[in-house]
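Report on the following structure.
This is a predicted model, so every value here is computed, not measured. Chain identifiers are assigned alphabetically (A, B, ...) following the order of the sequence lines, protein sequences preceding nucleic acid strands; residue numbering begins at 1 within each chain.
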2 protein chains.
Amino acid sequence: MELTTAEENYLKAIYHLSEEGKKSVATNDIAAEMKTKPASVSDMLRKLGEKEVIEYRKYYGLQITESGKRFALQTIRKHRLWEVFLVEKLNFAWDEVHEVAEQLEHIQSPLLIQRLDAYLNYPKFDPHGDPIPDEFGDVRARPRVQLNEMEIDQTGQIVAVKDSSAAFLRYLDKVGAYIGARIKVLDKVEFDGSLEILVDQKKTLFMSKDVSANILVQQS
Amino acid sequence: MELTTAEENYLKAIYHLSEEGKKSVATNDIAAEMKTKPASVSDMLRKLGEKEVIEYRKYYGLQITESGKRFALQTIRKHRLWEVFLVEKLNFAWDEVHEVAEQLEHIQSPLLIQRLDAYLNYPKFDPHGDPIPDEFGDVRARPRVQLNEMEIDQTGQIVAVKDSSAAFLRYLDKVGAYIGARIKVLDKVEFDGSLEILVDQKKTLFMSKDVSANILVQQS
DNA sequence: TTTTCAAATTAGTCTTGGCTAAAAATATGT
DNA sequence: ACATATTTTTAGCCAAGACTAATTTGAAAA
Ligand SMILES: [Mn+2]
Ligand SMILES: [Mn+2]
Ligand SMILES: [Mn+2]
Ligand SMILES: [Mn+2]
């Protein structure tokens, strides 16, 4: 069984939404994520239900099936491998890769992905710190917390970002908060949740809660 | 103005057909090339005419416009650059690249193609010996003749193949006729047009007219 | 337990790119 | 010149994937 490009995009969105929320995914949320209207989503859910990549009972909710997860993880794997390629080999900045990867992830060729993976030396994480599923869909997730949830004096390493928008990534570039940076929480303002952090034992940085909630840290 | 994937594929076929035949292109020929029905072609010709990438007078014929040529050459450029990438970097065999390149050529990202070109070191020819148009659509074509049109004792170098099907390319691999090979026509049978050629001053090869008509030689 | 409201689905339409069958236009043979 | 054959186009249909407007449903509030 094969999925269309549109079906792959929907399924990927559904997978991401069900991972973060843990419970059932709302039609409106999918529409927001996909930038389509709820009516279009209903239609697609029926189709995805027929293909048995989700279990769908209308007006109630949906659950992604094991088969659906495999498809979604395959697409995510391709997306992230291409992102690595663009950054490592073609010198793209990390905020320039997403839209192109969104197209490249739909190229159908198992051989291509296998060779690309080998060519990139079997990377485990994409440029935003997200783990790359292996060919069987297995993901080695690193335990991580949002930076805004850390307490004063706690330390760790930036391992990923939640928001991959170009605007956010360019901001991080500007202030020098990159993946792999070692950080320490120096101060935390209870009033607005803003933080002062030390980066690489050299530079101190002030950051709003909005920013820090989108930075993921592996604690140490 | 932007073209859909289907429009790009049709326009590329029209460009190729009008290059080889030199005269106007038949609806039936486009249908054969695209593996669609003539009725579908008529419909697409109307659309391409409206977008002014061809000049179309129904029941008469069509001519590709300057704008159409630029679009076609841009797609051809992307196709051939990806083929080089697949062979040079991902170790694809030259008979494995066409279908994947047929997909990759539709990825929309000027930056991607510019970077890919640089990464591949601005190649001038694809793995089948076909010239790669530059970013302005300029092609430096090598003068070439079909091997079956050469006479006894004439010499040259294989520079390209007309048929890029996997079956044909694998046959060439097997007999050792590769791009760049120096050849000499030893004998030519008038009855069936078959040839005996000397490859790299070592190996002699018998080849039918069907095969030799698909091998392009730069004479010397 | 009703009423009310927000979320979700259905109905109907559009565009793209296919198809078959029928009609029209051109080309060919006598 | 006329009949026939071939090519091309049109007409009408379908599926995918979008939309708006109308309707249905489940959940929340009164
Ligand atoms: Mn991404
Ligand atoms: Mn995508
Ligand atoms: Mn193509
Ligand atoms: Mn080629």
Carboxylate-amine/guanidinium contact A/E50 A/R46, below 4.0 Å: yes
A/R77 and A/E105 ion-paired at < 4.0 Å: no
A/F125 six-ring centre to A/R80 NZ/CZ under 6.0 Å and within 45° of normal: no
cation_pi(A/K89, A/Y119) dist<6.0 Å, angle<=45: yes
Distance-only side-chain donor-acceptor flag, B/E20 / B/H16, under 3.5 Å: no
Modelled atom types, side-chain donor and acceptor of A/H79 and A/D126, under 3.5 Å: no
Pairs: protein N or O with nucleotides 23-27 of chain D N or O, under 3.5 Å:
| unit_1 | atom_1 | unit_2 | atom_2 | d |
| --- | --- | --- | --- | --- |
| D/dT24 | O2 | A/Y59 | OH | 3.3 |

Between P of D/dT7 and CD1 of B/I30, the distance in whole Å: 14 Å
Interatomic distance, B/L62 CG vs D/dT9 C1' [rounded to whole Å]: 14 Å
Chain B footprint on DNA chain C, 5' to 3' - any atom under 4.0 Å from a heavy atom: C/dT16 to C/dT26
A/Q114: partners by side chain to side chain contact (heavy atoms under 4.5 Å, CB included), with sequence neighbours left out: A/L111
Within residues 37-51 of chain B, residues whose heavy atoms come under 4.0 Å of DNA chain D: B/P38, B/A39, B/S42
Residue closer to the 5' end of DNA chain D, A/A6 versus B/Y56 (nearest nucleotide): B/Y56
Set of residues satisfying side chain to side chain donor-acceptor pair (under 3.5 Å) with respect to B/D163, sequence neighbours excluded: B/S165
Among B/I183, B/L216, B/V211, B/N214, side chain to side chain contact (heavy atoms under 4.5 Å, CB included) partner for B/L147: B/I183
Pairs touching residues 51-71 of chain A that satisfy side-chain hydrogen bond (donor to acceptor under 3.5 Å, both in side chains), sequence neighbours left out: A/E7-A/K51
